[in-house]
Amino acid sequence: MQNGVNVSHLEDEKHNKKWLMHGLSLILLILTVIVAAIPGVLYIMRRADAQVALGNAKSLRMALDAAATEHYGSGKPFRDASAFGGVTEEVWRQVITDSNVSGDFWVLQMDESGYEVQSFYYQEGDFTVTYLREPLTYKVFYQQEFIRTYKR
């Protein structure tokens, strides 16, 4: 004992404070790394979802081409600009079933014969895919709503 104070107790207190500071520093470092990694992880997840939307658009294109060939061979109409998707209801059902896509599509442009899709628009969640036959191009866009206002 020194001046009525237990020396080992003071040393224990200093030791505990030192470990507490190291522990808090370590926790702060870990949280900083996690916060810094979040945007990168979100980007990777969005990129994976974009790849899925692109794959679905490619399946959709193949299903549209198959339906167009079938309808051309049988002389049935394919395009209907006034219908949902820009194709006849029969074609729309067939394409959705064959491609097994979860989004919506709209045929934007056809060739002169009316049986070859030149461009279409595909929407799946927050992703939009545009297709252009010449030059063969797919573009995937990500859209996220930040503000929505309603006027009643």
(request) May I ask you to check if R79 and Y115 form a cation-pi contact, with NZ or CZ under 6.0 angstrom from the six-membered ring centre and within 45° of the axis? (result) no
[atom1]/[X] to [atom2]/[Y] distance, rounded to the nearest 0.5 angstrom?
{"X": "Q94", "Y": "F78", "atom1": "CD", "atom2": "CZ", "value": "8.5 Å"}
{"X": "L28", "Y": "M21", "atom1": "CG", "atom2": "CE", "value": "10.0 Å"}
{"X": "M110", "Y": "Q118", "atom1": "CE", "atom2": "CD", "value": "8.0 Å"}
{"X": "W92", "Y": "D104", "atom1": "CH2", "atom2": "CG", "value": "7.0 Å"}

Report, as yes or no, whether the 6.0 Å neighbourhood of atom [atom1] on [X] holds more than 12 heavy atoms from other residues, nucleotides or ligands.
{"X": "Q109", "atom1": "CD", "result": "yes"}
{"X": "E112", "atom1": "CD", "result": "no"}
{"X": "Y72", "atom1": "OH", "result": "no"}
{"X": "R46", "atom1": "CZ", "result": "yes"}

Please check: side-chain N/O of [X] versus main-chain N/O of [Y], any donor-acceptor pairing under 3.5 Å?
{"X": "T137", "Y": "R133", "answer": "no"}
{"X": "D111", "Y": "G114", "answer": "yes"}
{"X": "Q123", "Y": "G125", "answer": "yes"}

[X] and [Y]: same hydrophobic cluster, using ILVMFWY side-chain contacts below 4.5 Å?
{"X": "I34", "Y": "L26", "value": "yes"}
{"X": "V52", "Y": "V140", "value": "no"}
{"X": "L136", "Y": "F105", "value": "yes"}

Of the non-hydrogen atoms in [X] and [Y], which two are nearest, and what is the gap between them?
{"X": "V107", "Y": "F120", "result": "CA-CB, 4.0 Å"}
{"X": "V129", "Y": "A53", "result": "CG2-O, 3.8 Å"}
{"X": "F141", "Y": "T130", "result": "CE1-OG1, 3.9 Å"}
{"X": "S59", "Y": "S99", "result": "O-CB, 3.7 Å"}
{"X": "T149", "Y": "I147", "result": "CG2-CG2, 4.0 Å"}
{"X": "I96", "Y": "G103", "result": "CD1-O, 4.2 Å"}

(request) Would you please classify the geometry between the Y142 ring and the F127 ring as parallel, tilted or perpendicular, with 30° and 60° separating the classes? (result) tilted
(message) Is the ring pair W106/Y121 parallel, tilted or perpendicular, if the boundaries are 30 and 60 degrees?
(response) tilted
(request) Please assess Y131 against L60 for the test side-chain contact (heavy atoms from CB on, under 4.5 Å), listing each intermediate value before the final yes or no. (result) CA-CA 10 Å; Y131 162 77; L60 177 68; over 6 Å; no
Check whether any side-chain heavy atom of [X] sits under 4.5 Å from a side-chain heavy atom of [Y], and report yes or no.
{"X": "I27", "Y": "L31", "answer": "yes"}
{"X": "L132", "Y": "K139", "answer": "no"}
{"X": "V117", "Y": "R61", "answer": "no"}

(message) Evaluate L54 against Q51 for side-chain contact (heavy atoms from CB on, under 4.5 Å), listing each step before the verdict.
(response) CA-CA 5 Å; L54 176 61; Q51 289 289 340; 4.3 Å; yes
(request) List the steps, then state whether salt bridge (Lys or Arg N to Asp or Glu O under 4.0 Å) holds for D98 with R93. (result) CA-CA 9 Å; D98 292 349; R93 276 196 209 109; over 6 Å; no
(request) Evaluate the side-chain contact (heavy atoms from CB on, under 4.5 Å) criterion for residues H71 and V91: first the C-alpha distance (whole Å), next the side-chain angles of each, then the deciding distance (0.1 Å), finally the verdict. (result) CA-CA 8 Å; H71 281 71; V91 170; 3.5 Å; yes
(request) Any chance you could lay out the side-chain contact (heavy atoms from CB on, under 4.5 Å) test for V101 and K58, step after step, and finish with the verdict? (result) CA-CA 10 Å; V101 296; K58 288 180 177 182; over 6 Å; no
